[in-house]
Amino acid sequence: MIKSRFYVTTPIYYVNDAPHIGHAYTTILADVLSRFHRALGDDVFFLTGLDEHGQKVQQAAEKRGLSPQAHCDDLAPRFTDLWKKLGIFNDDFIRTTQERHKRIVRSILQKVYDGGDIYQKEYEGLYSVAEERFITEKEAESGQFREVKTIKEKNYFFKMSKYQDRLIKYIEDNPGFIRPEHRRNEMLGFLRQPLTDLCISRPKARLSWGIEIPFDPDYVTYVWFDALINYISAIGYGSDDVKFGRFWPGVHLIGKDILTTHSIYWTTMLFSLDLPLPEVIFAHGWWLMGESKMSKSLGNVVRPLDLIEQHGVDAVRYYLMSEMNLGADANFTPENFIKRYNSDLANDFGNLLNRVSGLIAKNHGGIIPDAGVATLAEEDVASAGRALGPKVEGLIRDYKVDEAINEVMNLVRQVNKYMETQAPWKLAKTDLPAAGRVLYTATEALRLSAVLLKAVMPEKVATVLSILGVPDSGLTWGELKSGVALPSFPALFPRIEVEKKA
RNA sequence: CGCGGGGUGGAGCAGCCUGGUAGCUCGUCAGGCUCAUAACCUGAAGGCCGUACGUUCAAAUCGUACCCCCGCAACCA
């Protein structure tokens, strides 16, 4: 079987930010996809990391009386610790202040400069002294910025405009490149206007915490030029050709807020470097809190850690993956979380495991019974089970995680129905082998469902599979072994009881 | 007319491309079962598919117009 390559990235998060549900979502999504692809036998590489340069870091460090690097080193664990707790299994973690990255950024700057795609020019723009950055005319009109004045500054520019037509054609020729599709349209719309060149430098006088431009020591490079390169510097561009050739191009998972930077800045940079464009740029939506946006001022920020502590990692992963569909925004409410947890995990999945194992303990001495000879009823379940793997694989390869999960849950629901119609608790009184056949079939379907949910809920599924005595089983129908003793176990997903309001 | 997405039973969504019994999850109500985490199963109520025209034997599905919501409109991580 020919393996596919699957190189998946998250954005590198700004180290100064407090990790929130959005960061967690993208990272879990990347983790789930990479675990699925790994299980499918693909050659997987999963990268995430931190963006550590820029003004905010510099200022925050100054405030604390630390060097910027010490400040970053101090903050980085907020992310890495969270990823550990969320069960994130990444292959590499890049920080833009690492020498391996800076070296490549400098060499790329030099290469692009030598290739004639970087030039210097005087830039005149509106500058907010209070904010210490250039602002757009729109922003100036908004009146949100104080001490605005026009200043002139010499800077380096990247010839983004040069690649506009090529980019338009590329996007038109590759329908699956920017996803979901309405984002692709958005970018094509954006590209109908002429692109201007991208300012990629900052004078050190204004900003010193960055990567020095190799051909002009008075400047550091603009954060995006620095940050985007992480996607290739981490996998060996300019340092390990074999590794780079093995994984590039990759799949970029991003929030919809940074679609332009990825689909325009990054792609034109790659054109200039004469490298293939990413396989996919996937812009997912945002988590809204009830009716409003999540924001610190509203005090409705959901802290992933709180949720994990209350309900466990896997429940959080399951919720985030099943509730957000494709590129749309999703709503996060505690009520929603509890509803989905209870109905899917506690009532359907967890309770079904309890039903079958309880019956096996009661009527079959706690030993997984023989599969027996399948009747039409068993054949229905088995054929659904056999079809499920390929179906889920197709959906995962198409980034439809929520639909994939739903397909698995459909099998679980079908098994609950099957139990009801076959009633093994009644059968046991008259025809014990028939009852065993039903329980074997139900348990096997449950095992298969668990295997397919492994990427989403690694811990819980490992528990289930070890209870069933087949920790390393796969997607073939019938891998469940008869004659194996089932241990007793506490409820897998205890129901969350909510006090009813009067 | 800047560009784009969307308006489907109480909630969230699918269906629209390739017209022809309006589907799924949750919620509500009734019943069943009693192996199970008060869970599971069955059934029911509830929709003029944003509005108005048009094309067609037939439109949620195609066309036109309008109304409403949302995203994008760049150097901002």
Side-chain angles (χ1 to χ4, degrees), chain A residues 11-17 50-57 96 123 125 131 133-136 138-139 155 157-158 160 180-193 195-200 202 222-228 254-261 264-265 283 285-286 288 322-323 325-331 333 335-336 339-340 342-363 402-403 406 409-410 412-413 415-428 435 438-439 442 490-497:
Chain A
I12 45 174
Y13 306 113
Y14 201 56
V15 69
N16 228 32
D17 286 346
L50 294 174
D51 176 11
E52 303 191 335
H53 288 124
Q55 198 151 42
K56 282 180 191 160
V57 166
T96 54
Y123 175 76
E131 291 282 321
R133 69 170 177 92
F134 280 95
I135 58 174
T136 62
K138 276 262 168 64
E139 286 179 317
N155 265 312
F157 287 79
F158 168 58
M160 204 155 69
E181 192 168 350
H182 68 269
R183 298 287 166 203
R184 170 177 180 257
N185 293 338
E186 223 170 79
M187 285 301 107
L188 281 172
F190 182 88
L191 284 166
R192 248 170 244 142
Q193 296 163 41
L195 281 180
T196 58
D197 292 338
L198 181 68
C199 177
I200 56 149
R202 294 292 183 268
Y222 168 56
V223 283
W224 275 117
F225 208 90
D226 167 357
L228 290 164
I254 58 171
K256 62 183 183 181
D257 49 331
I258 50 177
L259 180 61
T260 311
T261 39
I264 312 251
Y265 302 178
W286 281 337
L288 306 177
S322 59
E323 192 74 11
N325 77 319
L326 287 162
D329 287 349
N331 242 309
T333 65
E335 293 76 20
N336 231 335
K339 213 175 261 177
R340 192 170 265 280
N342 277 346
S343 66
D344 287 8
L345 298 178
N347 298 348
D348 286 346
F349 190 91
N351 182 49
L352 178 60
L353 181 64
N354 246 29
R355 298 178 81 179
V356 296
S357 69
L359 284 165
I360 288 172
K362 199 171 182 181
N363 300 323
D402 60 319
E403 287 182 40
N406 192 43
M409 288 314 298
N410 279 341
V412 173
R413 291 181 195 113
V415 174
N416 268 319
K417 285 189 185 101
Y418 165 75
M419 287 285 284
E420 203 66 26
T421 54
Q422 300 305 306
W425 52 93
K426 277 185 191 161
L427 269 179
V438 173
L439 289 175
L492 199 64
F493 297 104
R495 220 182 127 75
I496 301 170
E497 298 300 337

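By convention in this document, chain letters (A, B, ...) are assigned in the order of the sequence lines, proteins followed by strands, and residues within each chain are numbered from 1. Quick caveat, the model's predicted, so the values are computed rather than measured.
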Return the set of residues passing side chain to side chain contact (heavy atoms under 4.5 Å, CB included) with N410(A) (not counting sequence neighbours), or none when no residue passes.
N406(A), E407(A), R413(A)
Stem segments of RNA chain B by first residue number [Watson-Crick or G-U, under 3.5 Å, at least 3]
B:2-7 with B:67-72, B:10-13 with B:23-26, B:28-32 with B:40-44, B:50-54 with B:62-66
Considering residues at least two apart in sequence or located in another chain, which fulfil the side chain to side chain contact (heavy atoms under 4.5 Å, CB included) criterion with D197(A)?
Y119(A), F157(A), K159(A), M160(A), S161(A)
List in chain and number order the residues that pass side chain to side chain contact (heavy atoms under 4.5 Å, CB included) with A423(A), two or more places apart in sequence or in another chain; answer none if no residue qualifies.
W425(A), K426(A)
Pairing residues for R184(A) by the salt bridge (Lys or Arg N to Asp or Glu O under 4.0 Å) criterion, not counting sequence neighbours
none
Sequence neighbours excluded, the answer for side chain to side chain contact (heavy atoms under 4.5 Å, CB included) partners of A435(A) is H364(A), P424(A), L427(A), A428(A)
Listed by chain and number, what are the side-chain hydrogen bond (donor to acceptor under 3.5 Å, both in side chains) partners of N347(A), not counting sequence neighbours?
R495(A)
Separation between the C1' atoms of rA60(B) and rC48(B), rounded to whole Å
12 Å
Please write out each protein N/O paired with an N/O of nucleotides 25-34 of chain B under 3.5 Å, distance rounded to 0.1 Å.
{"residue": "rG32(B)", "atom": "N2", "partner": "E420(A)", "partner atom": "OE2", "Å": "3.2"}

Go through the structure and list residues passing side-chain hydrogen bond (donor to acceptor under 3.5 Å, both in side chains) with D226(A), not counting sequence neighbours.
H53(A), H101(A)
I'd like to know if T261(A) reaches the base of rC76(B) with its side chain such that a donor and an acceptor end up less than 3.5 angstrom apart.
no
Y418(A): which residues meet the side-chain hydrogen bond (donor to acceptor under 3.5 Å, both in side chains) condition with it, sequence neighbours left out?
E378(A)
Could you write out each protein N or O paired with an N or O of nucleotides 8-10 of chain B at a distance under 3.5 Å?
none

Of all residues at least two apart in sequence or in a different chain, which pass the side-chain hydrogen bond (donor to acceptor under 3.5 Å, both in side chains) check with N342(A)?
none
Span that lies between the C1' atom of rU8(B) and that of rA14(B), in whole angstrom:
10 Å
